[in-house]
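All of these numbers come straight from a predicted model, not from anything done at the bench. Indexing begins at 1, ligand by ligand and atom by atom, following the structure's order.
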Amino acid sequence: MKAIALKPQTRDIRIAGRAEPSITAPDEIKIQVLRVGICGTDREEAAGGRAMAPAGGGDLVIGHEMFGKVVETGRDVSRVKPGDFAVFTVRRGCGKCLPCAMNRPDMCRTGDYRERGIWGLDGYQTEYVVDREQYVVKVPAAIQDTGVLIEPLSVAEKAIDEAVRLQSARLPDACAAPAWLSGKRCLVAGLGPIGLLAALALRIRGARVYGLDIVDPGTARPKWIEEIGGNYIDGRNAGPGQKKAGGAIGQMDMIFEAAGIAALDFNLLDALASNGVYVLTGIPGGDRPLQIDGAELMRRLVLFNQVMAGSVNAAHGHFQMAVNDLLQAGIIWSGHAEKLITHRHRIEEFREVFAGHPPDEIKAVIEWA
Ligand code: BGC
């Protein structure tokens, strides 16, 4: 069968042949891949950045944002049956630490985890994949058109969930309110797919959402966020002074960072309210040095009871939250989440897809079926 494979730390990416996998254990599931999304991580891998081939192999099948249809199940499988739509999660545990033993490899302590399509395990840009039932998430047919967004949304779900749990553990009003986010002011920095999907999840929870980017108002991403009741902030007009209380942005109860630009992201601390929570999901590429005023940063965090937290990957439960939110989104804003998939490519177009990001692209996918 065909697969898109790369040689890690090079720009060598090509169509490779792989043996079609088959079920070898009673808890395994075979899925026909229908489409796979492309994100910044994939493009970084294709540009010679962070990636690792499976042990003993020279190349890595890329792709971690999958969506497919179950074609066969082992005899012990009960979560899905042939014909169901489904996705597999990304990370596989180290086999050594407690979080991994609890199927929470997203919180692996040793760092010896593997990630399909990224780190040490072949990914999903191929025709068929097999994996174990504990990693499968069933996708209702009602969201088959947005199923490929479940993985990036799961990353946003985890970050939001962590931020809310942190607040619930320490704020008197947050422990008293099951829907703490309702009415809260949330800034989403960086309106790529993760930022827009975070905005969606936050709007579903009733938050007042402000999306910050540096594109012209009236273009696709600002319009998308406004259509779900969010507000667009053009970062080019919002200098640091204006971000202070009473300024253009005002103070935020939560900041969700999805830009991966360190210089911008530390500046945004100006906009964080007292007792606010700031959660980071961007993984900056390169190593451009940045000067930050460490004393000022410490003063803010301490004197205003602020929390800054990083979040990566997602657990099975966060994938389930993503499924639920896409179902909700379909009910509230029918057809809207679908608009995030702006570019659909044939397999043969893989080179240009991994090479660059056209300005009008939100989410690009490769269609396998
Ligand atoms: C993926 C995560 C992964 C992270 C780091 C992201 O693009 O969505 O699943 O953990 O990259 O490799």
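When only non-hydrogen protein atoms are considered, atom 4 (C) of ligand 1 lies nearest to V312 CG2, 4.0 Å. Nearest non-hydrogen protein atom to atom 6 (C) of ligand 1 is T41 OG1, 3.5 Å.
A donor and an acceptor atom, one from each side chain of T41 and E45, are nowhere located under 3.5 Å apart. Checking W368 against Q32 by side-chain atom types alone, no donor-acceptor pair falls below 3.5 Å. Side chains of R185 and Y210: a donor-acceptor N/O pair is present below 3.5 angstrom, by distance only.
Residues L264 and L212 have side chains in contact (heavy-atom distance under 4.5 Å, counting atoms from C-beta outward).
Under the 4.5 Å side-chain heavy-atom criterion for Ile, Leu, Val, Met, Phe, Trp and Tyr, M1 and V129 are members of distinct hydrophobic clusters.
Listed by first and then second residue, the ring-ring contact (aromatic ring centres under 6.0 Å, His included) pairs involving residues 75-101 are F67-F85 (not counting sequence neighbours).
By the criterion of a heavy-atom distance under 4.0 Å, the side chain of E115, and not its backbone, is placed next to ligand 1. Contacts of N313 with ligand 1, taken as heavy-atom pairs under 4.0 Å, involve both backbone and side chain. Counting heavy atoms under 4.0 Å from ligand 1, residue V155 touches it through the side chain alone.
Every atom of ligand 1 is numbered from 1 in the order shown, and the set under 4.0 Å from a heavy atom of C39 is 7 (O). The R50 neighbourhood of ligand 1 comprises atoms 5 (C), 12 (O), with distances under 4.0 Å to a heavy atom of that residue. Below 4.0 Å from some heavy atom of E151 lie the following atoms of ligand 1, by number and element: 1 (C), 2 (C), 8 (O), 9 (O). The atoms of ligand 1 that sit less than 4.0 Å from any heavy atom of H64 are 1 (C), 7 (O), 8 (O).
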Kindly list each side-chain donor-acceptor pair under 3.5 angstrom involving residues 217-227, sequence neighbours excluded, with atom names and distances?
unit_1 : atom_1 : unit_2 : atom_2 : d
T219   : OG1    : D216   : O      : 2.5
R221   : NH1    : L191   : O      : 2.9
R221   : NH1    : D213   : OD2    : 3.4
W224   : NE1    : H336   : O      : 3.0
W224   : NE1    : H336   : NE2    : 3.3
E227   : OE1    : H336   : ND1    : 3.4
E227   : OE1    : K339   : NZ     : 3.0

